[in-house]
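In what follows, a structure is listed as C-alpha cells, so that the remarks can point back to it.
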Amino acid sequence: MSKNVVIIGSGFSSLSASCYLAKSGYNVTIFEKNSTVGGRARQLKKEGFTFDIGPSWYWMPDVFESFFKDFNRSVIDFYTLEKLDPAYKVFFKDKESIKIGDTLDKIYKTFEAEEKGSADKLKKFIKTAQNNYEIAIKNLVYRPGVSPLELITKETIQRVGQFFSTISREVRKEFKNQKLIQILEFPVLFLGAKPSDTPAFYSFMNYADFGLGTWHPRGGIYEVILGMKKLAVSLGVKIHTNAAVEKIVVQNQKTTGIIVNSENIDADIVLCGADYHHGETLLDPQYRQYSEKYWEHKTFAPSSLLFYVGFDKKLKNINHHNLFFDTDFDAHTKDIYDDPKWPEEPLFYANFTSITDPDTAPEGKENGFFLIPLAPGIEDNDVLRTSYFEKIITRFEALTDQNVKNNIIFKESFCVKDFVKEYNSYKGNAYGMANTLLQTAFLRPKLKSKKVQNLFFTGQLTVPGPGVPPSLISGKLVAGLIETQYKQTKEPKPTTI
C-alpha cells in the first residue's frame with residue numbers, strides 16, 4: 001500500500017522532492033501557506049508588467065536539464081531558454097563598465113583589454129574552476145550530507161588545500177586589477193558568504209558563470225516553477241494553497257501528520273520544505289534538533305531590499321542583468337557579515353527582463369528589478385526603504401547617463417519584514433544559510449530528523465546549500481533518503497503530460 005507523504009511549502013526543493021516521490025509511487029500532497037506555488041520564487045503582475053519576486057538568475061542549466069531528464073522529459077517541454085549576450089554588465093566608478101560576453105573567448109579578450117596578461121591567467125583559473133565544477137556535480141552535491149566520508153574522494157583529496165584557502169585569496173594571487181577581482185569574486189555571493197570566507201574549491205561558481213553562461217527562461221524564472229508544478233501534477237501530486245501548517249504532530253517520537261488551518265491531516269511521512277528554523281518551531285520543543293543558540297551562531301545568506309518598478313519608457317545604456325560596483329565592495333560586505341547595519345553606500349543589482357523578453361512589460365515600457373543585499377535581521381521600515389531607493393536610483397541615473405525618476409509609473413518594495421511574513425524566513429534571510437567551510441555538506445542541518453521518526457527536511461538551509469539549482473538537488477536527495485527507508489510496493493508512476 002502506498003504511503004502518504006505531506007510536504008510543507010512549494011518552493012523549488014519541495015516541488016522537486018514531490019516529483020521524485022510521486023514517480024516512486026508515494027501519495028504526495030503539498031501544503032503552501034501563500035495563494036500561489038513557488039515559495040520565494042513567486043511572481044508579481046501589475047499594470048501589464050511581470051516581475052519575478054525572488055530569484056532572477058538562471059545559472060547551471062545542466063542541473064535543470066538533469067532534473068527533467070529524470071522524468072524522461074526535457075527543459076524545452078516546459079519553457080524556452082535564451083542564452084544572454086552579454087550575460088551581464090558591471091558598472092564601476094566614473095561611468096566605467098565591463099560587459100561579460102556569452103563565450104569564454106569573448107571573456108578572455110575582455111580581461112586582456114583590462115589587464116595585460118590576464119587572459120592567460122583567467123584560462124588557468126577557469127580550467128581549475130571547471131575541474132572543480134565537474135567534481136562537485138559528479139561527486140559531492142548529489143550526496144545527502146550524512147557523513148564526512150562523502151567529501152573524501154580521490155579527486156577531493158588532491159584538492160584538499162582548496163578547502164583551506166579562499167576564493168578571495170586565490171583570485172588576488174593572480175589578478176591585480178580591482179575591477180576584474182570584483183567580477184571574479186561576485187559569483188560566490190550566490191553561495192551566501194563573502195569571498196574571504198568561501199573555500200577556494202567553490203571557484204566552480206566561476207565556471208558556472210563564464211563557462212556555462214547566463215540564461216533567461218522566456219516569461220521569467222516563474223516559468224520554471226510552473227513547469228515543475230505541471231510535472232508534479234501529472235505524476236499525481238496534490239497541491240493545496242492558502243494552507244498554512246500550524247503544527248507537525250508527533251506521537252511516541254514519530255510524526256503522524258500535520259495540522260493545517262486547524263484541520264488534522266494524517267501522514268506516514270512529513271517533509272518540511274519551508275525555512276528549516278520555522279519547520280522546527282512547528283514541533284514541540286523536545287522534538288527540535290537545533291536550539292535557538294545554534295541558529296544564532298550560524299552564518300546566514302543576506303536578506304535583500306527589493307524594488308519592482310514600472311517605467312513608462314524604454315531605458316538606455318543597460319542590459320538584462322546589471323551590477324553596480326561603483327562603491328566599496330569590501331565595506332558593503334562588512335556591513336552584512338561583520339557589523340550588521342544598513343550600508344552607507346550600497347552595491348546593488350538591477351535587471352530588466354523586458355530588454356530580452358518584451359512580453360514582461362507593455363510596449364514601449366520597461367520593467368526594473370532592483371536589489372540591495374542586506375544583513376538579515378536588521379531594522380526594516382518604509383522610511384529606510386524610501387531613502388535607499390533614492391540612493392540607488394540617483395546613482396543609476398548618473399551611471400547610465402539618463403533621467404528616469406519622472407518616468408516611474410509605480411514602485412513596489414520587499415524587504416526583511418516581508419521575507420519573515422511571506423516565507424517564515426529566519427531573520428528575513430533571502431536564500432538560506434551561507435556555504436562557508438564550517439557550513440558545508442555534513443556540517444549543515446540534516447535532511448532527516450534525529451529526534452522524530454518519519455520527519456525530513458529539504459531546502460536552502462540543508463544540503464547542498466543556497467541557490468535554485470542546489471534546491472532542485474536538495475529535493476532529489478531527500479526523496480532518495482525517504483525511498484531508501486520506506487520501500488514502496490506500488491509500481492512507480494509514469495510521466496504523462
Stepwise side chain to side chain contact (heavy atoms under 4.5 Å, CB included) test for I8 and L282: CA-CA 11 Å; I8 303 170; L282 300 176; 4.2 Å; yes
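- For the pair V309/F410, no side-chain contact is recorded, criterion being any heavy-atom separation below 4.5 Å from C-beta on.
- In the displayed structure, N381 atom CG is contacted under 6.0 Å by more than 12 heavy atoms of other residues, nucleotides or ligands.
- For the residue pair T214 and W59, a side-chain donor N or O sits within less than 3.5 Å of a side-chain acceptor on the partner.
- Taking the charged nitrogens against the carboxylate oxygens, K194 and D338 do have a contact shorter than 4.0 Å, which makes a salt bridge.
- Going from atom CG of L384 over to atom NZ of K391 covers 10.0 Å, rounded to the nearest 0.5 Å.
- Side-chain atoms of I473 and Y142, non-hydrogen and from C-beta on, do get closer than 4.5 Å to each other.
- Residues V63 and I137 meet the side-chain proximity criterion, which asks for heavy atoms closer than 4.5 Å.
- In this structure, D105 CG and T110 OG1 are separated by 10.5 Å, a value rounded to the nearest 0.5 Å.
- Ring pair F325/F329: centre-to-centre distance below 6.0 Å.
- A salt bridge is absent between D275 and K427: the closest approach of a Lys/Arg side-chain nitrogen to an acidic carboxylate oxygen does not fall below 4.0 angstrom.
- Between F369 and Y308, a ring centre-to-centre spacing shorter than 6.0 Å is recorded.
- The 12-atom threshold is exceeded at NZ of K176, counting heavy atoms of other residues, nucleotides or ligands nearer than 6.0 Å.
- In terms of heavy atoms, W215 sits closest to P61 at NE1-CG, 3.6 Å.
- Between the side chain of N435 and the backbone N or O of G465 there is no donor-acceptor pair closer than 3.5 Å.
- Taken to the nearest 0.5 Å, the SG atom of C19 stands 13.0 Å off from the NZ atom of K230.
- Judged by distance alone, the side chains of S474 and Q460 never bring a donor and an acceptor atom under 3.5 Å apart.
- Looking at heavy atoms from C-beta onward, S74 lies out of side-chain contact with K69 at the 4.5 angstrom threshold.
- Looking only at atom types and distance, the side chain of D209 has a donor-acceptor partner in the side chain of Y88 under 3.5 Å away.
- Donor-acceptor pairing under 3.5 Å is recorded for the side chains of R385 and S413.
- With respect to the salt-bridge test (charged N to carboxylate O, under 4.0 angstrom), the residues K106 and D85 qualify.
- Between the side chains of R172 and S168, a donor-acceptor pair is found at a separation under 3.5 Å.
- In the model, T356 has a side-chain atom that pairs as donor or acceptor with a side-chain atom of H320 under 3.5 Å.
- By the 6.0 Å contact criterion, CD on E134 is enclosed, its count of non-hydrogen atoms from other residues, nucleotides or ligands being greater than 12.
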Give the C-alpha distance, both sets of side-chain angles, the deciding distance and a yes or no for ring-ring contact (aromatic ring centres under 6.0 Å, His included) between Y58 and F64. CA-CA 9 Å; Y58 192 103; F64 294 87; 4.1 Å; yes
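- Taking the six-membered ring for Trp and the full ring otherwise, the centers of Y207 and Y133 sit less than 6.0 Å from each other.
- A donor and an acceptor atom, one from each side chain of Y222 and Y79, are nowhere located under 3.5 Å apart.
- More than 12 heavy-atom neighbours from other residues, nucleotides or ligands sit within 6.0 angstrom of CD on E47.
- Remark: the Y276 side chain and the T458 side chain contain no N/O donor-acceptor pair separated by less than 3.5 Å.
- A donor-acceptor contact shorter than 3.5 Å links the side chain of N177 to the backbone of K179.
- With hydrogens and angles left out, the side-chain atoms of S203 and N132 include a donor and acceptor closer than 3.5 Å.
- More than 12 non-hydrogen atoms from other residues, nucleotides or ligands lie less than 6.0 angstrom from NZ of K313.
- For the ring-ring contact (aromatic ring centres under 6.0 Å, His included) with F307, the lone residue among F389, Y388, F51 that qualifies is F389.
- Using a distance-only test at 3.5 Å, with no hydrogens or angles considered, a donor-acceptor pair links the side chain of S10 to the main chain of G38.
- With hydrogens and angles disregarded, a donor-acceptor distance shorter than 3.5 Å links the side chain of D52 to the backbone of I221.
- In this structure, the separation between CE on M228 and OG on S13 is 8.5 Å, given to the nearest 0.5 Å.
- In terms of modelled atom types and a separation under 3.5 Å, the side chain of R42 and the main chain of N34 share no donor-acceptor contact.
- One finds a salt bridge joining E170 and K173 here, because a Lys/Arg side-chain nitrogen approaches an Asp/Glu carboxylate oxygen to under 4.0 Å.
- Ring pair F71/Y20 is tilted by interplanar angle, where 30° to 60° counts as tilted.
- Considering F300, Y431, F419 in turn, F419 is the only one that fulfils the side chain to side chain contact (heavy atoms under 4.5 Å, CB included) rule with S425.
- Separating the CG atom in L122 from the CG atom in L104 is a distance of 7.5 Å, to the nearest 0.5 Å.
- Between K405 and E390 there is a salt bridge, since a side-chain N of the basic residue sits under 4.0 Å from a carboxylate O of the acidic one.
- Put simply, the side chain of E82 never gets that close to the backbone of P217: no donor and acceptor are under 3.5 Å apart.
- A donor-acceptor distance shorter than 3.5 angstrom exists from the side chain of S303 to the backbone of G428, with no hydrogens or angles considered.
- Proximity of a side-chain donor or acceptor of Q439 to a complementary backbone N or O of T299 within less than 3.5 Å is detected.
- No more than 12 heavy atoms of other residues, nucleotides or ligands lie within 6.0 Å of NZ in K229, so this atom counts as exposed by the packing criterion.
- The backbone N or O of Y426 sits nowhere less than 3.5 Å from a side-chain atom of W295 that would complete a donor-acceptor pair.
- Side chains of Y423 and N429: no donor on one and acceptor on the other come within 3.5 Å.
- Residues N407 and D312 bring a donor and an acceptor atom of their side chains to less than 3.5 Å of each other.
- Scanning both residues, A375 and P340, for their nearest heavy atoms gives CB-CB, 3.7 Å.
- With a 4.5 Å cut-off on side-chain heavy atoms, Y108 and S118 do not count as touching.
- Residues Y337 and D197 bring no donor and acceptor atom of their side chains to less than 3.5 Å of each other.
- Contact annotation: the side chain of I318 never approaches that of K89 to less than 4.5 Å [non-hydrogen atoms, C-beta and beyond].
- The number of heavy atoms from other shown groups lying within 6.0 Å of NZ (K109) does not exceed 12.
- Atom NZ of K83 sits in a crowded spot, with more than 12 heavy atoms from other residues, nucleotides or ligands closer than 6.0 Å.
- A salt bridge is absent between D380 and K417; no separation between the charged side-chain nitrogens and carboxylate oxygens falls under 4.0 Å.
- Salt-bridge annotation for K334 and D339: absent, with no side-chain N of the basic residue lying under 4.0 Å from a carboxylate O of the acidic one.
- Counting only N and O atoms by type, the side chains of E366 and S354 include a donor and acceptor under 3.5 Å apart.
- Between F210 and P187, the closest side-chain pair of non-hydrogen atoms is not below 4.5 Å.
- Within the 6.0 Å centre-distance limit, the rings of F348 and F324 are counted as a close aromatic pair.
- Comment: R40 does not engage E422 in a salt bridge, judged by the lack of any side-chain N to carboxylate O separation of less than 4.0 angstrom.
- For the pair Y349 and L371, the minimum side-chain heavy-atom distance is below 4.5 Å.
- Side chain of T386 to backbone of V383: no donor-acceptor contact under 3.5 angstrom is found.
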